[in-house]
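To start, the structure under review is shown below, and the notes come after it.
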Amino acid sequence: MTRILITSALPYVAGVKHLGNLVGSMLPADIFARFCRARGHETLAICATDEHGAPVELAALDEGIPVADYSAKWFKVQKELGNQFGLSWDNFGRSSSPQNQELTLHFARALWKNGFLELRTTKQAYSPTDGRFLPDRYVIGTCPHCGYERARGDQCENCTRVLDPTDLIKPRSAVSGAQDIEIRDATHLFLKQSQFVDRLRAWIDSHKANWPQLVTSIAYKWLDEGLKDRGITRDLEWGIPVPDDIGEGKLKGKVFYVWFDAPIEYIASTKEWADKNGKGDAWKSWWYGDAAKDVTYWEFMGKDNVPFHTVGFPVTIMASGEPWKLVDRLKGFNWLNYDGGKFSTSGKRGIFMDKALEVAPADTWRYYLIANAPESADSNFTWEQFAGTINKDLADVLGNFVNRVTKFCVARFDGKVPGEGAYGDDENALIAELEKRTQQYTAFLEAAEFRKALGELRAIWVAGNEYMTRAAPWTHIKTDRAKAAVGVRMGLNLVRLFAPLSWPVMPQMAVKIHQAIAPVAYENGAIAWPRRPMAQELDSLKADAPINPPDVLFAKIDEERVAALKLQFGGGD
RNA sequence: GGCACCGUAGCUCAGUGGUAGAGCAGGGGAAUCAUAAUCCCUUGGUCGGCGGUUCAAAUCCGUCCGGUGCUACCA
C-alpha cells in the first residue's frame, strides 16, 4: 500500500487567515489528502498553528491578556474555521504542544552534540522601558537616506534601502514608542547551515524534476548567495525555553526561534495525533527510519515559506544525524492578490476566512480558489470573476445538469432509474471520452497540478451537457420511450459519477449530488474514486432504484450582489 | 542597490523553437428537460518595446520599460 504524508504550512496563530493563506497551503493540502484517501491510499494530513514569535507576544500584550491565553483563543478560532471550510486534517495541532517542546529539544540536543550549534554574541537593540530586546523591524526612526520618519530598522519602506537599527536617526521602539534604545550584546545559538550547502544542493538537484520551478529557483538562490549560519534563539518570553545543557548554560531566559520549532511541529503534530488516538509509536512510522520508507511526503506552502522548507528544516534534519524523513514532493504557491493589490492581514485588506463564509458556502470558495490557484504566477481575485465562475461553472454547468436530469426523470419516469433500452453509439462515444478525461483528471491531481485538474473536471461536467443535448430524451419521449430512457439512465449515471470526481474539491456538495441518486457508501470517510472501467461506472445504477432530486445546489450571485460585495470588502482602489 | 519571478485576446490564464490557445465576456444560431440553464458556430491578439542568434522565436540571448517578491532578527 502507498502511504501518503501531507503537511501544509502552519498558519501563524494571530488572527483569522485570509483566502491567500488558505489557497496557498491548507486548501490544496486538503484537496490532495481527500483525493489520496478516495483512492484508498493510507493518508495522514497534518497541520497546526504556528504559535511562537514576537508578533504573538506583542499582540497579546496589546490585548492585555497572557500570551498563552491569546494563542489558545486563536488556535480554537482557526481550527473551527478550518472545519467549516472542510479541511479534513487528521490532526490540527499546536506548535506550543508538549510534544513539540519535547521534539524540539530532542533536535536541538542532537545538533548541539553533533557540533552544529555554536554560541555567538551579536549586537542587538534593547529597550529598558519595554524590558526587551527588539527585533530590527520593531525599531523605527528617521531614515538617514530619505528622511522618512517611520523607517523600520531592517528596511525603509519609503526608499526601500536596507538598514540597520543603528542607522536610524532618533530610533524608538515600535512597541511603546520609548526612545531609550540601547545596543546591547546578546548571546545566541547559531546553526551552522553553511556546512550543509553541498548536501542541500545535491538533495535539491535530486528533486529538480519533481518540484515546481518556483521552488527550486528559490532554493538555489539561497545556496548560490552563500548560505549563512542562522541564529536559532531569541530573547522572548513565549516559546520553547533553551535548557541549560545546551549552550553551556549561557542562554537562560531565551527561547528557540519560531522557525526552528515550527517545522518540527509537523512531526510533533503527528505525535499529538498518535497520543490522542492511542496509537503509541505509530507516529514514528510516518517519519523515522526504515518504517517510513514506503511513505511519500508532500509539503504544501506559499512561496514565502519555501526557504525554511528547502534549507532551514532540511538542515535541522541532516544535522541531527538521524534518519528522519525529508520532503519528497514540495508544492509551492505564489500569491493570490485581491483586486490588483495584496491581501494584507495587518492592513485588513481582502477577504478573510470568517467573512468569506458569510458570503458563500465553503465549497464554492474551495472550487473557485483552487481552479484559480496561483500555481505558476501570482493570480488575481475579483468579485466579478468569482461571481462569474460560481454562476457559470457551478450553477449552470454542474448544478443545472443535476437538476435537469433528475427533474426530467421525476416528470417522465416516476423518479426511478429507467431500465429500458440499451446503450448505443452516443453512449459509447461519451464513455470513451470520459474514460480519457477521468484519467487526465486523475493524473493532474496526482501531480498536484490543480488548475489543470479543475479544467478537466469542468470539461467532464460539460461533456455531460453535450451528451444530454445529443440524447434529447425530451424529444424521444414523445415517440420512443426506450430511447428516452437510455438518455435519462445515462444522465443519472453521469450525476452519480460527478459525485466522487467532485468530492475532493467540494466535499459537501458532492455528498448532496450523490444522495440525489443513491445513498453514499463511504470508504474510510471518503467517497471512493472511480476504479472500474468507465463503461461499468456509467452503467452502475439498478433499474427502478428511486432518486431524490435536490433543491437548487448552487445559488447564483447577481450583479447587484457583486456591487454590494465590492462596497463591503473594498478594493479596486 | 542586488537577485528572482512575471508581462500572451476586454478579463482570468495555458502554451518554452516549427503555421497563436482555453474559459468567461461579446456576436449569430439551435433546442425547450432544467437555477433563461444547455448545445453549436463565431468576432477578437503585430505574444511589453527594441536589437540579436536561427531556415524558423511568444519560446533562446542582450537591452530597455512596467509589475511583484525576496534580501536571512515578521512569519
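Order of the sequence lines sets the chain letters (A, B, ...), proteins ahead of strands, with each chain counted from 1. Small disclaimer: the values here were computed from a predicted structure and weren't measured.
- Searching all strands for a Watson-Crick or G-U wobble partner of B:G18 with both distances below 3.5 Å returns B:C55.
- A donor N or O paired with an acceptor N or O is not found under 3.5 Å between the base of B:A37 and the side-chain atoms of A:Asp396.
- Remark: B:G26 base-pairs with B:U42; criterion is Watson-Crick or G-U wobble with both hydrogen-bond distances under 3.5 Å.
- Checking B:C74, B:U35, B:C5 against the side-chain heavy atoms of A:Ala395 singles out B:U35 as nearest.
- The nucleotide B:A37 finds no pairing partner, because no Watson-Crick or G-U wobble arrangement with both distances shorter than 3.5 Å includes it.
- Judged by a 6.0 Å distance limit and a 45° cone about the ring axis, A:Lys416 is not positioned over the six-membered ring of A:Phe413.
- For A:Arg437, the salt bridge (Lys or Arg N to Asp or Glu O under 4.0 Å) partners at least two apart in sequence or on another chain are A:Glu433, A:Glu456.
- Checking the phosphate oxygens (OP1, OP2) of B:U38, a side-chain nitrogen or oxygen of A:Lys392 falls inside 4.0 Å.
- Residue A:Arg404 has no polar side-chain atom (N or O) positioned under 4.0 Å from OP1 or OP2 of B:A37.
- The side chain of A:Asn372 contributes no N or O atom lying less than 4.0 Å from OP1 or OP2 of B:U12.
- Remark: A:Arg137 is in phosphate contact with B:C74, judged by side-chain N or O atoms under 4.0 Å from OP1 or OP2.
- Distance CG (A:Asn403) to P (B:C33): 15 Å, rounded to an integer number of Å.
- Partner assigned to B:G2 is B:C70, using Watson-Crick or G-U wobble distances below 3.5 angstrom.
- The partner of B:A31 is absent, by the rule that a Watson-Crick or G-U pair needs both atom distances under 3.5 Å.
- Judged by Watson-Crick or G-U wobble contacts below 3.5 Å, the nucleotide B:G62 has B:C50 as its partner.
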